[in-house]
Each structure stands twice: as structure tokens, then as C-alpha cells.
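Here the structure comes first, spelled out in C-alpha cells, and everything after it is commentary.
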Amino acid sequence: MISEIKRYINAEIVLGYLKVPFSAADEVMLQKANESIEAVLNHAQIKTVTEVFDVSLLAQQIDFHTASGTATVRSNDLAVFLEQSNQVVVVAVTLGHAVSRLIKRTLVMSPSDAVYLDAAASAIADATCDYIQDSQTASVMKAGKFSSGRFSPGYGDLELSTQATFLHLIGAEKRIGCHLTSAYLLVPEKSVIFVMGISTVPYTGNTKTCSGNCGSCPMEYCRFRRSSVEKRSI
Amino acid sequence: MKREAFSKWLANDILVFDGAMGTALQQRGLPLGVAPETYNKTNPEILEDIHYHYLEAGANVVTINTFGANPLKFPDYAELIKAAAENGKCARDRWLNNSHSSRSIFVALDLGPLGTLIEPLGKLSFDEAYDLFKAQVIAGEDAGCDMIIIETVTDLYEAKCAILAAVENSRLPVVCTMSFETSGRTFFGTDVVSMITTLEGLGVQALGFNCSFGAEEMWPLVEVALSQTTLPIVVQPNAGLPKIIEGITVYDQPVNTFKAVMVKFIEKGVRGLGGCCGTQADHIKAIRELVEGVDRSHIKENRRTPSVLKTRVASYAQTIEFDEATVVIGERLNPTGKKKLKEALLAGDMDYVMKEALTQVSEGAKVLDINCGVPGADEPALMKQVVQSIQAVLDVPLQIDAAGAAAIEAGARYYNGKPLINSVNGKRCSLDAVLPIAKRYGACLIGLTLDDEGIPSTAEGRFAVAEKIVNEALKIGIPKENLFIDCLVLTASAQQAEVMVTLETIQLVKERLGVKTVLGVSNVSFGLPKRGQVNLAYLTMALMSGLDAAIINPGHLEMMAAIDAFEVLSNRDKGAVRYIAKHGGQTQEVLTTVVPSGENEVAEQLEKAIKSGLKNYARELAKTLLTYRAPMDLVDGLIIPTLNEVGAAYEKGTLFLPQLIQAAESVQEVFEVIKVALASSGEAPINRGKVLLATVKHDIHDIGKNIIKVVLANYGYQIVDLGKDVDPERIVSVCREEGIHLVGLSALMTTTVQSMKETILRLRESLPDVKVAVGGAVLSTATAQMIGADYYGKDAREMVKIAESHFQNH
């Protein structure tokens, strides 16, 4: 997976986290950013859990159905975001404890290096989410369905406390070692939970992910494909 | 059954554990969101039925449904444990009545992880975690359990804590299994050897692995464990790898596949077999069939004895063996003769301590000596703090160095690993106080060759003390491989004739006692000029005499190199692999930056060095500039203006955060030089005012606060850093105790801004004169005003301005 994630990360992105415009970065900064990416990847034990659930979208509420019952998450913003989704992918990503320790250790000896590492670790956690999201999107497309963008607890009115529900739903504590603090923050620190919707019809409004450009779309069997556009293989 | 009897039983038989509880409960209709432990009281017949099926299948162990029944999750934990034990005992009695079997059955209290992380990753202290486990253990023994299983633990510290609680608060046999990843480590980074090394001496009757994956994937871990300990090994794999079907985890490995690997486990000497997630009665039946097919006399013959019992210490993630190479124990975390370390320890400045620890490791120390013997300090409390601070960032094993038993015990107990204790001696009082501690924590122990008569002047005299220590240790059950003797070096300047006695004693100890030897080398040169060269010669002589570990300054390059060379010359570093890796291609260090002459030139270069973040160069330049200028002239005339210039460039957006911090780091180096100059000239240290910094309660993101700390410190402010997730009451009490009038609070999450508001309210109520500056990603001027803060520090530069203006006006 590391080689895949590397495609989503570079020095420019890390410097972006440090609010350093790429054009203003000197050689030393570029080198530090690149070294930080390598150091974080060397220490990271990247683990992910991805599970798909059938859902019912109600007003300000999403019900996740499992064989042993239903888990409910309350959020108007998420319900609107998911629109007409009939399934939701729940994903947890962590870089592991060793990265947090590396940052702490470096902070003692060289705070400036620690700042680079912290930025690189955040960027790599996001890159991992990008990679998982793209993989999911590709697999959803293959099935002739549509996927939404991603949404995480803490955005809009989706309370951080819902991280507990998602963590439990996908067994992330046992499977990838993600824990929650009493204030619902994830430990290891560089961990992310997100959800994305799956729908049989294209998303519209703010959630719209279909560009409408059928000519460049790999979804050969999409039932919404304009008939004037030739099919192309995936 | 008592522990000894259980161990004997296990030496002659194979223990069959039961299978999954969660899977069985789900099959019987446990709904999503209902805690399984509640079924102990609400559905006892279901629990009894599950246990009965496993007994019928062939289990010896009835693992009761108490995995999460701890006081954190259930106020009625004791009732749940009691009910669970009743369910287990009912199933046992009914099955024994029905089957008329003579099979040994053990009702086992099951202890899973607490579900809350222990410090430093979580909020729960080691002592709090211990109390939670203790409460469960007492309830379990009271309820009539026959043994305790600690399982599915991934944090070695939690495993150690649970084992201590079980061993110290019951008489029941204890088995501990941990969950690993296919990488061979747990989520927390623990490897199999470090787990075995740390836990085997804590009084458990068996160790092993459970959960995570299937039997096939567990095999490599088991193979390592079998070669590393004589303790019985227990395995409880899942029924294959998990699959998610309709939102629930499913394990569907066929029983025959599971059974095929179990055959291999039995053949290789595993003594406890059962199942975890997904395993059912069929899996246990398969294990029973295999066990019944084993010739009992074969089991006895098949007792494992590792070819070499190893002398080793471990952290949570790294084991150091003393049989393969000379081990360097870093000596610099001992305050004797070190003023700055003494001050840091007294002030609780753990950054200084950690820096010293990290530096020694980077210089090649494999173990770090920790001594907190500072007059006026609470040594046990300090030992605990230092050990916990270092193990939060470093995985190098530690040597707990103290004269008093209380400090030794504090170090050994709170250490997340197997420590080396320094030391016991031949005095009766020392033996009585220290040996039981080493035994209790399964630690390695250094014995000093001195007794009530002092240090014997002959090798035979010192050997006699060593022999006494070794015999006394063996008598109470400390294994020989855990013992070291320090034959004590005296100073060549005062007791020259006895210097060779130490080396002769090393040889005697090695030949006749067969235990390891260790020596604090540098004492030999005390009182002589050019001590380094004397130490170097003596170290080489000691190595030739058979020294296994040297307590030295790893920053002494020649001594480190001498050890590397010795390893080659003594044929231990085969093919000089380690030597070449370390010293090959090494060239003479070239000085790339030359300190110019002339005050103005030096000042100009120093300004540039600070701006460019050239730490070492800045330090050298500052030393030179101090020959021209008074320390405070340097601070006010050059450093602060340069920092201001850097800060202004940062504000303008022509310079960025990493460069701002690099400049601050360079100034930090310069300040170290200035502090020395101020101290030697008798001037007061720089202190522009005291600022308390904290990341507020519930927030664990502290990098921003740490940046502020570095930058403020370099403007000469004294920082009291309370860390992260800090309770408002603590902030109030520290402000009150230390007379602090400026507080900086940080919060990264929207949700924790509420904690910030509460902290400000508490400060306003108790200490209205205290001013509060707030900062963090989610804050703005408007939010800062809304929550009642006095200042909003949008970044490090702004915080400096706030501090300057605050202390000018107050």
C-alpha cells in the first residue's frame, strides 16, 4: 500500500500544511519535506478498515443496518451530504503509534524537524484517505454505481462523538488499534475516520461527484450514460 | 489449584481452552449495542449452555463472560463477575454429573483490555489501571474462579499491569496472551521476544497469543516464543481471517484446516490450545481429539529447554542480550557531579532529561542508567516520572540505579519492560530489601562486591561477596541469567594497588559463578589528569578480563571505538560486520564553517547563523563574541533584535514557520553558552517573566503549544509547560503556587474550545489577576473574546508580542 500512497504525497503537499508556498521554498525546505515523508513512511504502520453498510436516510438521521441490528447516527449535514445513498462506506485509517513517538522524540531534539514530521504525517494520513477513497470509487464504478466525496465526524453538525459509533461498527479498535479518548479524539493521533455514500443514481447538489462528461468516464455500463457517447472499456 | 500445582499439571499435560464467547452469543441472538457481560445476569441459561457445549466438546477451561466486566464500564462489575462465575460453575457441575468424567476443569476469570489507554497514550494512570484490574481479580477469586486469563492485550504496559494485579491480589494461576499483527508486533510496537522477556518473570504460569488471525498466521510467533522461554506457551487463534458479511464479522475457516495447524503446535510443545473469534465447539472438539491422541510420556519427553538461557533486558519494543556483544550502558543520567541535570531533576524539567537520553542513544548506548538521587527530591516519585517520560519516546532498555529500595521499586514497577536494577550489595539489609524487588518484577540485577566490612582489598575477598549475592539471589528464585556482578573499580590515584584486583575479580566471577559482569569504568581516573586516556586503557583491560557491560559516557568517542575494535579482535564481531558498518567510510570531520576574527565580523556571522538556523555554528560564534561583549549585551544588542527581525519577516510572509523555529533553535544553543557565562560571572540568569503553557483538557494535540514554548523560551521567558489534556484545576493551582500571571492556552479542536472557556472561568474565579492568551487552529479574535480570553495569539510571533507587552505593563 505504501507505494500506492506515495503517489498521493510530495514535498509540495507537506509544505502546504506548513503554509509555505511551493514557490517560496528553498532547497533546504524541500529536502526537509522529502526527508520527513521518508521518515514518516519508514515508521508508519499504516492500517485501514473499510466496510460497506446498507443505510436508511431519514430526516437528520442515518441508520446503518447490520445482521445483528441497526446503529443510528444523527446529523442533518451528513444526511444531506449522503443524499439518496443506499449504502455507506465507513473507513478508518491510522499511521500507528510509532509515528507519534517519532514526532515526540524529534520535538525534544529539534522542534523544527518535528514540525516537518508532523506536517508530513498529517499529509500522509490524508493521502491514505485519498487512496482509499479512489479505490472505493473505482470499485463502486465497476459495479455501475456512484460514490460521494468523503465526510468525517467533526464536520458540520456530525458530532465527534459519532466516532465511537463508527469505530464500533467496523471494529477498528480490535482490527487496527484505533482508540478514542474521553473527548472522542482518535489515538494514535494520526488517524482518520470518514464515510462516503454509494448510490445507484448520480449525486447532485453539493455532493455531486459525476462530472457529466460521459466521454471521459470509465463507467461503460452506467445507465445514465448519454446514448450519444460511445462506450469505452474500463 | 495453587500456582505451583497448576504449573506441575501443565508440565505433564495439555490444557484445552474453550472457544469464542462473542461468536456464541451472537449466534444466540445478542443484539448490536448490547454489552455481552449483561447477559450474565439477564440470560444466565445462555451462558451456561455455551459453557456446557465447550465442556462437552472437550475443554478443560471454562472462560467466564467477564472480558469487559471492569469498574470503568460497569459499576456492578462485581455482580457481573459473580453471575458469570456461577454460570461457569453450574455448567461445570452439570457436565461432570452427566459425564462422570475425571477431566480437570478450571473456571477462569477472563480479563480483557480496559478499553481506555494507559498513560502516556491515554489518561489512565498505571496505578488507576492496576486498581481496576485488582477489583476484578478480587471479585473473581471471591466468586470461586480457579484461574485468571488475561487476553487480547496489545499494550505490553497494560499486560504487565494486569499480571501484577492478578499475582499480587490472588493466589490463582495466571495465564496471559497478547494479540499481535502479522508483522510480528502488536499495535503498540511490542515484538514477541520483548513480550516474553518482560512478562515471563512476573509470576505468570503460561504466556501466549490469542485473536488477531488464524492458526497458520500465528505459527511464526509461536515458533519464536517456543525458542525463547521455558514457560508453557498457550495459543488461541481465530477461526481464520475475518470477513465482513452483512455488517458483521464472520470467520469461516473449516475445522479441518484449523486442526491441521493445531497438530503442529502440539508437536512443537505448545501446552495450551483453544480458540478465539469464530471458533466453536467443533474446533474445541478437534483439539480434544488431537490431545487425546498424544502419548503422555511423549509430553514429558518433549519438555522444551532453550539451548541457552539468555541474559537480557527489554523495553516494550527492544530486547538487549548480553551474550552477543559488549553492552554500553549510558552513564550520563546520573546527577552526581552534574549541576545542570540536578537542577533539571529538581525542577521536573523532563525535556532536559529526555534530550540527554536521546543523545546518549544516538551516541551508541544500548541501555540507559537512570539515577535520580538528588538531595531534597522525592526520589521514588522522581524515578517514576523519569522512567515514564523516557519510555514515552524511547525504546531503549533502562537500568534503574538507586540506593534506596523505594526508588528501585518505583523504577521497576512503572517500567514498561524488564529493567536492570543497579544495585544490591552483600550487606544483609541490602539483600533483604532489593532481592525481593528483582524477583517480583523479573528484573536483572547488579550485585556490588561490598558488604558490611566495605570493599574487600583482595580478589578472593570480593569474589566471596559476589558468591554470597549470587547464592542469596538463587535461593529466592532469581535465575542465574538475571544476575550481574560489579567488581567495583577504585581510583588509581588513591588505591593504585587495588585497580588490578577488580580485573582479577572479574575473571574469578566469570570462571566460577558464570554470571555476567558490569563495571562503571570512569571512576578509575578520578584525581588524575587527562582522565579519558586512563579510562580508555582500563576499559580495554577490563574487556580482556571478561567484562560484559560497561557503564560509560557514550559520548566518549575513543572508548566507544575501543569497544568496537575489541569486538573485532576478540572474534565476536564476525567478519567485522558491525565495525565496518559503523566506522567504514568514516572520514575526518571537516570544519565547514570557520569562526572569523574581529568583534563586528563575529557579530555579523552570528546574526546570519541565527537566521539560517545553523545551531552549532551559532554556538561557536557566541562563545567567541562573549570574549568581546558582556552576556546581557549580547542578548539585548544582538539576539533579541535578530529574533525580532526574523519575527517581522515571518509576519510579512517572507519567512515561514520552519525557519522561525530553526532560528529559535539556534538561539537556544546560544543561550546555553550565555547561561554558562552568566553563571561564571555571578550574574543572575535571564528571566523576563514566567509563562504557563498548557493544551486544555480533552485536547491531545500539542505541537502548536510546543512551538510557542520554544520561541518564548528564546526570548528569555521562563516556561512552565503543563503538557496536554490539562485539567483547569491544575492550571489554577500551579499559577497560584508559582505566582504566574500569564497563561497561554492551546486548543486544536472546536469541541475543546469549551474546555478552554471553562479553564478561563476557573482562573477568573480563583485568580482574577492572571491574564490568559489563547491560540490554536480553531480560534479567532472573535472566539477568543467570546470565551473571555485577554489576548488572542494567532501564532508564535504574536505570543512573543503579547508576553512583551504583558510584562512591560505588569
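Here is the naming used below: chain letters follow the sequence lines, and residue numbers restart at 1 for every chain.
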Original post:
Considering only heavy atoms, which portion of A/K174 lies under 4.5 Å from any heavy atom of chain B: side chain, backbone, both, or neither?
Top reply: both
Subject >> Side chain / backbone / both / neither for A/A71 at chain B, heavy atoms under 4.5 Å >> reply: both
**OP:** Check each atom of A/I103 against the heavy atoms of chain B and say whether the ones under 4.5 Å are side chain, backbone, both or neither.
**Re:** side chain
**OP:** Show your working on side chain to side chain contact (heavy atoms under 4.5 Å, CB included) between A/K104 and B/M354 and close with a plain yes or no.
**Re:** CA-CA 10 Å; A/K104 273 187 198 149; B/M354 285 195 283; over 6 Å; no
**OP:** Step through the shown structure and confirm whether more than 12 heavy atoms of other residues, nucleotides or ligands are within 6.0 Å of CZ on A/R74.
**Re:** no
Original post:
Can you tell which of B/R185, B/Q659, B/K697 has the highest number of heavy-atom pairs within less than 4.5 Å of chain A?
Top reply: B/Q659
Original post:
Quick one: of A/T106, A/V90, A/V28, A/L107, who has the most non-hydrogen atom pairs under 4.5 Å with chain B?
Top reply: A/L107
Original post:
Measuring heavy-atom distances to chain B, does A/E173 have an atom under 4.5 Å in its side chain, in its backbone, in both, or in neither?
Top reply: both
Subject >> Crowding at NZ, B/K73 (>12 non-hydrogen neighbours, <6.0 Å) >> reply: yes
Subject >> Segment of A/S100 engaging chain B (4.5 angstrom heavy-atom cut-off) >> reply: neither
Subject >> chain B contact via A/K19 - side chain, backbone, both or neither, heavy atoms under 4.5 Å >> reply: backbone
**OP:** Name the option with the most non-hydrogen atom pairs under 4.5 Å to chain B; the candidates are A/D118, A/L180, A/T165.
**Re:** A/D118
Subject >> Distance-minimising heavy-atom pair for B/I661 and A/P111 >> reply: CG2-CB, 3.7 Å
Subject >> chain A contact via B/A392 - side chain, backbone, both or neither, heavy atoms under 4.5 Å >> reply: backbone
Subject >> 4.5 Å side-chain heavy-atom contact, B/H698 and A/T181 >> reply: no
**OP:** Answer yes or no: are there more than 12 heavy-atom neighbours, outside A/Y184 itself, under 6.0 Å from its atom OH?
**Re:** no
Original post:
Among A/S182, A/S110, A/G69, A/G154, who wins on heavy-atom pairs under 4.5 Å with chain B?
Top reply: A/S110
Original post:
Quick one: what part of A/D26 sits under 4.5 Å from any heavy atom of chain B, side chain, backbone, both or neither?
Top reply: side chain
Original post:
Taking every heavy-atom pair that is under 4.5 Å apart, which of B/H701, B/K123, B/K709, B/Q668 has the most such pairs with chain A?
Top reply: B/H701
Subject >> Residue selection (most heavy-atom pairs with chain B, distance under 4.5 Å) from A/A114, A/A119, A/G96, A/A183 >> reply: A/A183
Subject >> Taking every non-hydrogen atom, the tightest pair across A/V108 and B/D351 >> reply: CG1-O, 3.8 Å
Original post:
Which one of A/E159, A/H168, A/K32, A/M29 has the most heavy-atom pairs closer than 4.5 Å to chain B?
Top reply: A/M29
Original post:
Of the backbone (N, CA, C, O) and the side chain (C-beta and beyond), which part of B/K615 lies under 4.5 Å from a heavy atom of chain A, both, or neither?
Top reply: side chain
**OP:** Would you name the heavy atoms of A/H97 and B/F187 that are closest together and state the gap between them?
**Re:** CD2-O, 3.3 Å
**OP:** Give, for atom CG of A/D113 and atom CD of B/E665, the distance between the pair rounded to the nearest 0.5 Å.
**Re:** 6.5 Å
Original post:
chain A heavy atoms under 4.5 Å from B/L30: which part of the residue, side chain, backbone, both or neither?
Top reply: backbone
Original post:
Is it the backbone or the side chain of A/L117 that comes under 4.5 Å from a heavy atom of chain B, or both, or neither?
Top reply: neither
Original post:
How far apart are the closest heavy atoms of B/T186 and A/Q45, and which atoms are they?
Top reply: O-NE2, 4.2 Å
Original post:
When rounded to the nearest 0.5 angstrom, what is the spacing between CZ in A/R175 and OG in B/S179?
Top reply: 14.0 Å
Original post:
Among B/T154, B/L657, B/V710, B/I700, which has the most heavy-atom pairs under 4.5 Å with chain A?
Top reply: B/I700
**OP:** Could you tell me which portion of B/L121 (side chain, backbone, both or neither) has an atom closer than 4.5 angstrom to a non-hydrogen atom of chain A?
**Re:** both
Original post:
What closest approach, in Å, do B/D699 and A/L185 show between heavy atoms, and which atom pair accounts for it?
Top reply: CA-CD1, 4.0 Å
Original post:
Where is the tightest heavy-atom contact between B/P658 and A/S112, given as atom of each residue plus distance?
Top reply: O-CB, 3.8 Å
Original post:
How long is the gap from CE on A/M109 to CG on B/L358, to the nearest 0.5 Å?
Top reply: 5.5 Å
Original post:
Are more than 12 heavy atoms from other residues, nucleotides or ligands located less than 6.0 Å from atom NZ of B/K757?
Top reply: no
